Amino acid sequence: MATTTICTTGFKGGLASSFHGSWGSSVSGEDYPMLVKSVPNVRMAKPIKSAPVMKNVNEGKGVFAPLVVVTRQIIGKKRFNQLRGKAIALHSQVITEFCKSIGADAKQRQGLIRLAKKNGERLGFLA
């Protein structure tokens, strides 16, 4: 168990305290175990963490963002996400085939896919 020492002589920076009672010495002295036993053992519930939300930082920005938003409203969110997933998969396949044709390794291919995602965000395709 860690013990805490309480300083009653002042703060950093030279501000002095007028309190010079025995409380500070009794908390860190022989009365400490008795004080700890007299305090009820209270368990705190863990705070509920909300699920992380993947949100596009460029949402609503970019040349194609208005077109993407209108299309999503017309065809519905579920169908739109399916269509978007297929387009992203197809684009990744094109990048993979390109990397095979020029002899790029897997690390370079992954870099090109990340670059395509960043460009898609900037242009508004992922709005």
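Along the sequence shown, residues carry numbers from 1. Computed from a predicted model, the values in this text were never measured in an experiment. Worth knowing before you read on, the calculation uses all heavy atoms, side chains too, and leaves out hydrogens, waters and symmetry mates.
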Val68 side chain reached by Phe80 side chain, heavy atoms, under 4.5 Å: yes
How many angstroms lie between SG in Cys99 and CD1 in Ile113, if you round to the nearest 0.5 Å? 7.0 Å
Check whether any side-chain heavy atom of Arg84 sits under 4.5 Å from a side-chain heavy atom of Leu126, and report yes or no. yes
Check: Arg72 side chain, Ala127 main-chain N or O, donor-acceptor pair, under 3.5 Å: yes
Can you tell me if Gln108 uses its side chain to pair, donor with acceptor, with the backbone of Asp105 under 3.5 Å? yes
At what distance, to the nearest 0.5 angstrom, does CD of Gln82 lie from CD1 of Ile75? 9.0 Å
Euclidean distance, Arg109 CZ relative to Ile102 CD1, rounded to 0.5 Å: 12.0 Å
Within this structure, what is the OG-CD distance for the pair Ser92 and Glu97, rounded to the nearest 0.5 Å? 12.0 Å
Decide whether Phe98 and Leu90 are clustered together by the hydrophobic rule: side chain heavy atoms of Ile, Leu, Val, Met, Phe, Trp, Tyr closer than 4.5 Å, transitively. no
Identify the two heavy atoms, one from Leu67 and one from Thr71, that lie closest to each other, and give their separation to 0.1 Å. O-OG1, 2.7 Å
Hey, what do you get for CD (Gln110) to OG1 (Thr96), rounding to the nearest 0.5 Å? 9.0 Å
Using the rule that two of Ile, Leu, Val, Met, Phe, Trp, Tyr join whenever any of their side-chain heavy atoms come within less than 4.5 Å, decide whether Val63 and Phe125 are in one cluster. yes
